[in-house]
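Read through the structure below, which is laid out as structure tokens, and then see the notes.
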Number of protein chains: 2
Amino acid sequence: MDNSTNFIAKLRNSGLRPTKQRLKICEVLFSGKNTFHFSINELSKIIIQKTNEKISLATIYNTVHAFLGKGYIKQIAVNSEQSYYDTNVSEHHHFYDEDKNQLIDIHDSEVEPVKINRKIPGKKIKSIELLVKLQNS
Amino acid sequence: MDNSTNFIAKLRNSGLRPTKQRLKICEVLFSGKNTFHFSINELSKIIIQKTNEKISLATIYNTVHAFLGKGYIKQIAVNSEQSYYDTNVSEHHHFYDEDKNQLIDIHDSEVEPVKINRKIPGKKIKSIELLVKLQNS
DNA sequence: TTCTAGATTATAACTATTCTAAAGTAATAA
DNA sequence: TTATTACTTTAGAATAGTTATAATCTAGAA
Ligand SMILES: [Mn+2]
Ligand SMILES: [Mn+2]
Ligand SMILES: [Zn+2]
Ligand SMILES: [Zn+2]
């Protein structure tokens with residue numbers, strides 16, 4: 001399955017028509033060989049830079065939300081100023097460099113498995129994620 | 001040292017005069033026997049409910065920021081919609097109940113110690129905190 | 001008591017996000 | 001094809017959490 005087919009599948013599966021704008025968003029999000037972290041504003045700038053065209057924020061927000069709902073991207077809580085997203089949708093941990101405002105994936109092999117010895121009645125664990133804040137040393 | 005003396009000390013140490021409003025904020029934040037988590041809006045409502053008087057949001061924000069800067073309270077990243085704060089300033093982990101929008105402290109004895117086997121050049125670790133998201137089971 | 005630096009407050013400004021509604025486009029049926 | 005329709009894009013308005021402003025007030029020192 002080539003990229004374009006894959007993008008169309010992702011969009012259709014998210015209940016969205018494969019429009020020019022949405023395919024560009026897919027291109028930026030899913031065609032690199034590495035996953036990455038982004039804010040909506042950063043994504044908007046990357047799109048302009050890569051395709052020399054601007055996509056309205058409304059469309060970017062809409063598409064990102066649809067992909068979030070389907071699990072094609074995930075949201076990372078780092079601060080309350082703006083939302084950060086991740087094209088790596090596996091459950092994983094992060095370093096957060098507060099100076100550069102940058103997230104870095106931590107591979108599972110780099111952390112001893114986290115074990116929680118407590119249950120909350122009526123609740124089950126949905127995800128377990130570390131945020132390791134960094135400062136200049 | 002009684003509460004009032006303690007509050008005045010905290011305020012002075014934060015570079016703030018002990019005014020009526022700020023002492024009320026201290027009362028709510030620091031006189032209970034348990035620590036707790038709050039958003040600014042929740043704090044504002046608790047103050048109204050406990051003291052039957054309203055303190056302007058500007059004053060609440062200012063005071064909370066000053067206390068943050070001195071480490072008398074800390075900020076917890078759970079989502080990007082609003083800031084959450086914690087009167088438990090020790091480094092500790094949290095459950096986050098997304099349905100109730102509620103944070104619950106996890107005691108260190110309830111988690112195996114987290115061990116990170118990776119260094120980022122020029123950076124040192126400032127804090128290591130887990131966010132364990134819960135869903136209804 | 002007087003004086004003044006600092007505090008309180010209502011409200012304006014700011015910014016990330018969501019909403020709106022007019023104009024445009026993709027899908028499909030004829 | 002072409003026509004029809006439902007969906008999409010977009011600029012800009014609205015919203016909400018937060019921060020800034022500036023007029024009024026007050027704690028603390030003299
Ligand atoms: Mn930031
Ligand atoms: Mn906001
Ligand atoms: Zn990641
Ligand atoms: Zn806590």
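Keep in mind that this is a model prediction, so the values were computed, not measured. Reminder, nothing fancy here: chain letters follow the sequence lines and each chain counts from 1. These numbers come from the heavy atoms of this one structure, side chains and all, not from hydrogens, waters or symmetry mates.
One finds no side-chain N or O of A:Y61 lying less than 4.0 angstrom from the OP1 or OP2 phosphate oxygen of C:dT18. Put simply, A:Q21 has a side-chain N or O that comes within less than 4.0 Å of OP1 or OP2 on D:dT10. Here A:R17 does not reach the OP1 or OP2 of D:dT9: none of its side-chain N or O atoms lies under 4.0 Å away. Residue A:T59 has a polar side-chain atom (N or O) positioned under 4.0 Å from OP1 or OP2 of D:dT10. Side-chain N/O atoms of A:H65 include one lying less than 4.0 angstrom from OP1 or OP2 on C:dT18. Applying the 4.0 Å criterion to OP1 and OP2 of C:dA26, one finds that A:R22 has every side-chain N and O outside that range. The phosphate of D:dT18 (OP1 or OP2) has a side-chain N or O of B:S83 nearer than 4.0 angstrom. For the pair A:R12 and C:dA27, the criterion of a side-chain N or O lying under 4.0 Å from OP1 or OP2 is met.
The separation between B:N62 atom CG and C:dT9 atom C1' is 11 Å, rounded to whole Å. For A:N79 and C:dA16, the CG to P distance is 11 Å, given to the nearest whole Å. Note: CD1 (A:I55) to P (D:dT8) measures 14 Å, nearest angstrom. One can place CD1 of A:I25 at 12 Å from P of D:dT8, the figure rounded to the nearest angstrom. Between B:L68 atom CG and D:dT18 atom C1' the separation is 13 Å, expressed in whole Å. Put simply, CG on A:L57 is 10 Å from P on D:dT10, counting in whole angstrom units. Note: CG (A:L23) to C1' (C:dT25) measures 13 Å, nearest angstrom. For B:F38 and D:dT18, the CZ to P distance is 11 Å, given to the nearest whole Å.
Closest to the B:Q82 side chain, of the nucleotides D:dT18, D:dT10, C:dT9, is D:dT18. Here the nucleotide nearest the side chain of B:I40, chosen from C:dA10, D:dT18, C:dA7, is D:dT18. Taking only side-chain atoms of A:T19, from C-beta outward, the nucleotide of C:dT8, D:dT9, C:dC19 with the closest atom is D:dT9.
Side-chain contact between B:E129 and B:K74 is present, with at least one heavy-atom pair separated by less than 4.5 Å.
Toward the 5′ end of DNA chain C lies the nearest nucleotide of B:K20, the other residue of the pair A:N41 and B:K20 mapping further downstream. Toward the 5' end of DNA chain D, the nearer of the two residues A:K54 and B:A58, judged by each one's closest nucleotide, is A:K54.
Closest of all the heavy-atom pairs between B:S83 and B:Q75 is OG-NE2, 3.0 Å. Looking at every heavy atom in both residues, A:L103 comes nearest to A:H94 through CD2-CB, 3.8 Å.
B:F30 and B:F7 have tilted rings, their planes meeting at an angle from 30° to 60° on a 0 to 90° scale.
Atoms CD1 and OH, on B:I76 and B:Y85 in that order, are 11.0 Å from each other to the nearest 0.5 Å.
Each of B:T35, B:I106, B:D86 was compared with B:H92 under the side chain to side chain contact (heavy atoms under 4.5 Å, CB included) criterion, and only B:D86 meets it.
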